[in-house]
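Here is the structure we will look at.
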Amino acid sequence: MSFFSRARTLFPRPLFIMLMLLFTVFSTNVMAKVYPRMLSRSILVMNASNGRVLYQKNTARAYPMASLTKLMMAMVVLDSKQSLKQKITVTSADRDLLKNTHSRLTIGSTLSRKDMLHIALMSSENRAAAALSRYYPGGRKAFIRQMNRKARAYGMRHTHFYDATGLTPRNTASAHDLAIMAKHAYRYALIRQLSTDKRYVVHPGRGQLVYRSSDGLINNKTWNIVLQKTGFTDQAGHCLIVYTKLKGQDVLMVIAGGPHRYSHYHDALGLKAWLMHGNL
């Protein structure tokens with residue numbers, strides 16, 4: 001017979017119910033006071049509506065940000081007011097010569113600016129981001145300058161951009177600055193829409209390509225994600241920005257520097273469970 005079964009026989013029903021309520025309150029409070037074990041190098045969780053910090057770890061030091069870069073890339077593209085219908089063609093200038101990463105967009109692939117933005121945000125397609133920066137007025141150098149201007153204007157004092165993809169480890173930011181960037185990106189309805197799509201088909205020339213979200217949480221029905229971006233390089237580790245809704249509250253999670261393939265998801269799930277136990 002379990003402890004609870006014995007207690008039920010020993011105490012009158014009203015007293016037993018009172019003891020169970022006290023036990024529930026006590027256990028919930030204990031869980032609320034115990035911080036979850038996090039694996040990632042830098043973490044910042046905040047109530048996005050009022051700015052209240054809910055959890056933080058190593059938020060001031062800047063590290064490589066990998067493809068989280070693409071949120072700033074998207075804002076610069078949209079602020080340029082260039083036509084989203086304009087056709088953009090991938091050239092050899094868009095190849096990754098730093099890490100020699102693979103891309104499904106072959107040289108000569110042509111898509112609209114909106115489609116390029118779509119697969120860059122949803123699937124972290126690097127050649128799409130590179131091509132978008134090259135088509136900016138004044139070219140790629142002007143595009144990077146504008147990324148850094150926006151960072152300074154937003155108060156991102158520990159952030160530097162050197163490319164539009166995030167492949168270079170010279171793109172660095174603190175978790176605090178990444179949260180600022182994410183909050184500004186949230187203001188763009190198209191960034192919210194494209195970043196949270198699950199699947200998208202493009203026609204770059206011959207045949208079609210099916211892209212899927214790089215974020216494994218997107219298909220998890222227990223999450224209500226309204227903006228997201230993933231990132232990974234050896235120097236940055238596994239990174240994740242998630243803007244979600246929990247118990248009616250807007251919550252922003254910045255998780256950077258995960259040491260293992262699924263560590264950023266481990267931390268996001270642990271933080272969500274912890275927040276749901278009275279820490280919102």
Side-chain angles (χ1 to χ4, degrees), residues 65-98 101-151 153-154 161-168 171 181-182 184-215 218 225-231 241 243:
M65 69 179 95
S67 285
L68 301 185
T69 294
K70 293 184 176 75
L71 287 179
M72 182 63 82
M73 177 276 300
M75 288 189 281
V76 172
V77 168
L78 294 175
D79 285 352
S80 74
K81 305 301 182 183
Q82 294 174 279
S83 172
L84 293 176
K85 297 179 181 179
Q86 181 186 359
K87 296 298 183 180
I88 293 178
T89 299
V90 174
T91 72
S92 59
D94 303 316
R95 291 181 299 164
D96 168 26
L97 301 178
L98 179 65
T101 54
H102 171 73
S103 172
R104 299 171 66 197
L105 287 180
T106 58
I107 305 303
S109 296
T110 300
L111 294 172
S112 68
R113 178 173 280 107
K114 184 178 180 181
D115 280 354
M116 289 287 191
L117 192 60
H118 198 146
I119 59 179
L121 287 172
M122 184 188 76
S123 297
S124 227
E125 173 58 71
N126 289 312
R127 281 189 186 171
L132 286 166
S133 69
R134 185 169 47 80
Y135 271 74
Y136 187 77
R140 187 166 287 152
K141 289 185 178 180
F143 189 92
I144 304 306
R145 283 197 298 271
Q146 186 59 23
M147 290 176 74
N148 284 300
R149 285 194 194 104
K150 287 184 75 65
Y154 290 161
F161 294 105
Y162 290 89
D163 81 352
T165 65
L167 287 169
T168 174
N171 281 17
M181 180 176 71
H184 282 279
Y186 177 78
R187 298 175 181 176
Y188 294 72
L190 191 59
I191 294 179
R192 297 198 305 270
Q193 174 193 335
L194 301 184
S195 73
T196 55
D197 203 2
K198 298 176 181 178
R199 179 182 181 274
Y200 191 64
V201 179
V202 296
H203 299 83
R206 296 180 181 178
Q208 66 179 30
L209 295 174
V210 180
Y211 282 88
R212 290 179 172 80
S213 177
S214 59
D215 186 349
I218 282 290
I225 298 174
V226 292
L227 180 141
Q228 70 79 33
K229 188 69 198 77
T230 61
I241 285 176
Y243 206 118

Inset, instruction - Can you sort out the partners of Gln228 under side-chain hydrogen bond (donor to acceptor under 3.5 Å, both in side chains), two or more places apart, ordered by chain and number? - result: none
Inset, instruction - Please examine the side chains of Ser133 and Met73, heavy atoms only from C-beta on, and report whether any two atoms are closer than 4.5 Å. - result: no
Inset, instruction - Apply ring-ring contact (aromatic ring centres under 6.0 Å, His included) to Phe161 and list each qualifying residue two or more places apart in sequence or on a separate chain. - result: none
Inset, instruction - Keeping the roles fixed (side chain from Arg199, backbone from Val210), state whether a donor-acceptor pair exists under 3.5 Å. - result: no
Inset, instruction - State, to 0.1 Å, how close Gly166 and Thr69 come at their nearest heavy-atom pair, and which atoms those are. - result: CA-OG1, 3.5 Å
Inset, instruction - Quick one: list whatever passes ring-ring contact (aromatic ring centres under 6.0 Å, His included) with Tyr154, sequence neighbours left out. - result: His184
Legend entry - Those residues that, when tested against Tyr186, pass ring-ring contact (aromatic ring centres under 6.0 Å, His included) (two or more places apart): Tyr243
Legend entry - With Gln82 via side-chain hydrogen bond (donor to acceptor under 3.5 Å, both in side chains) - residues at least two apart: Ser80
Inset, instruction - Spell out, as yes or no, whether a donor-acceptor pair under 3.5 Å connects the side chain of Asp215 to the backbone of Thr196. - result: no
Inset, instruction - Mind checking side-chain hydrogen bond (donor to acceptor under 3.5 Å, both in side chains) for Arg149 and listing every partner two or more places apart, or none if nothing turns up? - result: Gln146
Inset, instruction - Taking the side chain as every heavy atom from C-beta outward, state whether Thr101 and Thr165 have any atom pair closer than 4.5 Å. - result: no
Legend entry - Sequence-distant partners of Ala185, side chain to side chain contact (heavy atoms under 4.5 Å, CB included), two or more places apart: Leu71, Met75, Ile191, Leu227
Inset, instruction - Mind checking the CG-OG1 spacing from Leu68 to Thr230? Nearest 0.5 Å is all I need. - result: 7.5 Å
Legend entry - Sequence-distant partners of Tyr136, ring-ring contact (aromatic ring centres under 6.0 Å, His included), two or more places apart: Phe143
Legend entry - Value rounded to 0.5 Å, distance of CD1 in Ile119 from CZ in Arg127: 11.5 Å
Inset, instruction - Please list, chain by chain and in numerical order, all residues satisfying side-chain hydrogen bond (donor to acceptor under 3.5 Å, both in side chains) with Ser123, sequence neighbours excluded. - result: none
Legend entry - Stepwise side-chain contact (heavy atoms from CB on, under 4.5 Å) check, Tyr211 with His118: CA-CA 10 Å; Tyr211 282 88; His118 198 146; over 6 Å; no
Inset, instruction - Quick one: closest heavy-atom pair of Ala74 and Leu121, and the distance? - result: CB-CD2, 3.9 Å
Inset, instruction - Please report the closest heavy-atom contact between Ser67 and Lys70, naming both atoms and the distance. - result: OG-NZ, 2.6 Å
Legend entry - Any donor-acceptor N/O pair, Asn171 side chain to Leu167 backbone, under 3.5 Å: no
Inset, instruction - Among residues two or more places apart or on two chains, list those pairs meeting salt bridge (charged side-chain N to carboxylate O under 4.0 Å, His left out) that have a residue in residues 71-97. - result: Asp79-Lys150, Asp94-Arg134, Asp94-Arg140
Inset, instruction - Side-chain contact test, heavy atoms from C-beta onward, threshold under 4.5 Å: evaluate it for Leu84 versus Arg113 and give yes or no. - result: yes
